[in-house]
Amino acid sequence: MMENIEGKRIDFNYKWNHGDLFILMENAGKAVSEYITEKYGKNRNILVISGSGNNGGDGIITAHNLDSDNNLKLIVMTRSDGSVSSLSRRAMEKFGNDRIIKNPNTGDIRKMISESDIIVDAIFGTGIRDPVKEPYSSIIEEINLSRAEVISIDVPSGLGTSHSVLPDATVTFTDVKEGMNEKNSGSINVRNIGIDEREINYAGPGDMVYFPKIEKNGHKGQNGKVLIMAGWKFTGAGCMTARAAENALPDLITMLVPKASSTIFSIKLEDQIVGVFNSLNMKNELEKCNAVLTGPGMGISEDSVKVVLAVCKSGKKAVFDADAIHIMAEHRDLINQNMLFTPHSHEFEVLTGTEANRENAEKFSVKYGCTILLKGPADIITNGKKTVISEGGSPRMAMGGTGDILAGLCTGLMARNMDPFHAAVLGSFINKKNGERLEKERSYWFNTYDLLGSMGRTFREYYDFIISNE
Ligand SMILES: NC(=O)C1=CN([C@@H]2O[C@H](COP(=O)(O)OP(=O)(O)OC[C@H]3O[C@@H](n4cnc5c(N)ncnc54)[C@H](OP(=O)(O)O)[C@@H]3O)[C@@H](O)[C@H]2O)[C@H](O)CC1
Ligand SMILES: [K+]
């Protein structure tokens with residue numbers, strides 16, 4: 001079952017790899033026309049009703065393919081300014097602009113529906129917004145009153161609203177869409193339209209669709225607060241997590257550190273809030289934050305165990321890395337769905353008591369409900385329901401500190417309202433692409449400061465790609 005946003009993610013991955021989505025529209029139209037010809041034969045009275053988005057474009061290609069063997073009419077309902085999506089415009093040129101019936105009135109549509117034995121519903125696909133406005137709600141009603149066979153493309157138009165086409169069959173692409181069942185969609189036929197496994201099961205630029213945009217008129221605090229309790233033994237590790245978290249663009253980052261090292265932190269992170277750790281401060285800061293990180297450079301001490309247990313008790317979204325993973329291995333009963341663990345293979349073995357591989361990561365996530373990001377040349381990210389592989393990076397990223405950067409970035413993303421799984425996938429993707437960028441520029445001669453320095457540019461490249469293609 002695929003949510004609409006997941007469909008968008010896959011489209012962006014495809015677009016990044018192949019440049020143009022029109023071939024997918026051609027394949028979608030081919031899949032639907034083949035289904036109709038196989039099921040109903042030729043010489044039928046077919047009416048295709050297309051909306052102004054890409055679902056409509058799939059309908060136009062379907063019409064083009066069925067045109068020569070049937071008595072076919074194509075209606076296109078444009079936007080109020082007469083436009084359609086750019087892919088649909090290309091489909092219209094292919095069909096022949098002058099033969100398209102544009103924006104007929106409801107009476108004419110009713111007549112055309114009554115003269116048809118097959119109706120192809122391409123009004124809305126996954127881009128539907130509730131509520132359905134006129135004239136679309138009346139058209140949907142007329143379709144549902146007709147005795148013709150109705151075939152919906154991708155999803156029944158209006159699904160999830162109070163005006164939904166009730167088709168005899170739906171030809172859907174890549175996977176069944178959210179909310180579809182045999183009752184509201186008729187017989188469901190899933191067709192592959194050329195999306196590669198890599199665009200679905202591997203991290204890619206499309207994962208940016210889960211990254212919340214910065215609102216132009218937003219207010220302070222809206223973009224989340226990060227709490228970090230790390231670097232108590234190795235201050236450098238703690239500082240790197242904070243610098244990495246900044247790249248997710250949260251409004252506030254607070255470090256809680258022991259009194260003895262607070263001066264070092266205050267100097268190195270002069271633009272962040274550095275507080276001195278005590279039980280009361282920790283309780284207050286945990287209440288205020290949207291996501292918390294602990295573990296990197298922390299050491300295992302009475303206090304670090306206290307911190308880890310308090311994080312568990314807080315119920316906040318949390319990232320456990322390094323020493324925190326060792327501590328959590330003794331407290332597995334406290335693991336829940338708000339938690340992300342970012343182990344390398346040895347830490348994974350300590351946490352789970354099993355060999356570090358995909359199957360065991362999935363088993364552990366299912367059992368405890370948490371997300372695992374198992375680090376390696378290819379990161380494995382799983383929440384037990386979904387698993388994504390994140391490849392790439394640079395061999396130079398085996399150096400110390402890159403794990404701290406990844407953990408900090410994931411925490412920042414979780415504070416920005418992302419769930420642990422999508423934060424982990426995007427964090428891993430950006431981290432690896434950032435390493436690749438530096439390797440291209442400098443071969444292997446770069447360090448963790450360089451990674452932190454270029455992360456914003458790497459992030460922006462993919463952010464801009466999504467914004468400019470929406
Ligand atoms: N990878 C794939 O699987 C591909 C799928 N394709 C098909 O594309 C659609 C999704 O296309 P999209 O353009 O995103 O959206 P829709 O066609 O579903 O609908 C958008 C248009 O509908 C208008 N709209 C939306 N809600 C309403 C409403 N309530 N009342 C009136 N009009 C509405 C919307 O209007 P705007 O004013 O916002 O422009 C749009 O015009 C997917 O389902 C597949 O069928 C592609 O072929 C590519 C690959
Ligand atoms: K449809």
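Just so you know, ligand 1 is whichever comes first in the structure, and atom 1 is the first atom listed for that ligand. Please read these numbers as outputs of a predicted model, since none were measured by experiment.
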Looking only at N/O atoms, are Arg129 and ligand 1 under 3.5 Å apart anywhere? yes
Would you say Asn54 has any N or O atom under 3.5 Å from an N or O of ligand 1, going by distance alone? yes
Can you count the protein N, O or S atoms that lie less than 3.4 Å from the K ion (ligand 2)? 6
Ring-face cation of [X] near [Y] (centre distance under 6.0 Å, axis angle within 45°):
X	Y	result
Arg442	Phe446	no
Arg90	Phe22	yes
Arg416	Phe211	yes

[atom]: nearest protein contact (heavy atom, Å):
atom	answer
atom 40 (C) of ligand 1	Ser52 OG, 3.7 Å
atom 43 (O) of ligand 1	Asp154 OD2, 2.6 Å
atom 39 (O) of ligand 1	Arg79 NE, 2.8 Å
atom 25 (C) of ligand 1	Gly127 O, 3.5 Å
atom 10 (C) of ligand 1	Thr126 OG1, 3.4 Å
atom 33 (C) of ligand 1	Phe124 CE2, 3.3 Å
atom 18 (O) of ligand 1	Gly125 N, 2.5 Å
atom 17 (O) of ligand 1	Asn55 N, 3.0 Å

Of the backbone atoms (N, CA, C, O) and the side-chain heavy atoms from C-beta on, which set of [X] has a member under 4.0 Å from an atom of ligand 1: side chain, backbone, both, or neither?
X	result
Pro131	backbone
Tyr14	neither
Ala28	neither

Between [X] and [Y], does any side-chain donor sit less than 3.5 Å from a side-chain acceptor?
X	Y	result
Glu349	His346	no
Glu199	Asn17	yes
Glu134	Ser138	yes
Thr172	Asp154	yes
His422	Asp419	yes

Interfacing atoms of ligand 1 (cut-off 4.0 Å, heavy-atom, [X]):
X	value
Tyr136	31 (C)
Asp11	1 (N), 2 (C)
Val132	29 (N)
Lys133	30 (N)

List the steps, then state whether side-chain hydrogen bond (donor to acceptor under 3.5 Å, both in side chains) holds for Glu149 with Tyr40. CA-CA 10 Å; Glu149 289 283 311; Tyr40 302 106; 2.8 Å; yes
Minimum distance, heavy atoms only, to atom 46 (C) of ligand 1: which one of Asp58, Ile153, Leu24, Ile193 is it? Asp58
Determine yes or no for a side-chain-to-main-chain donor-acceptor pair under 3.5 angstrom, with Lys177 supplying the side chain and Phe173 the backbone. yes
Taking the inter-plane angle between the rings of Tyr136 and Phe124 on a 0 to 90° scale, is it parallel (under 30°), tilted (30 to 60°) or perpendicular (over 60°)? tilted
Would you please name every residue forming a side chain to side chain donor-acceptor pair (under 3.5 Å) with Ser88, sequence neighbours left out? Ser85
Inspect the contact between Arg457 and Glu461 and indicate whether a charged nitrogen and a carboxylate oxygen are less than 4.0 angstrom apart. no
Electrostatic pair Asp207:Arg9 at N-O distance under 4.0 angstrom: yes
What's the spacing between Leu24 CG and Ile61 CD1 if we round to 0.5 Å? 11.5 Å
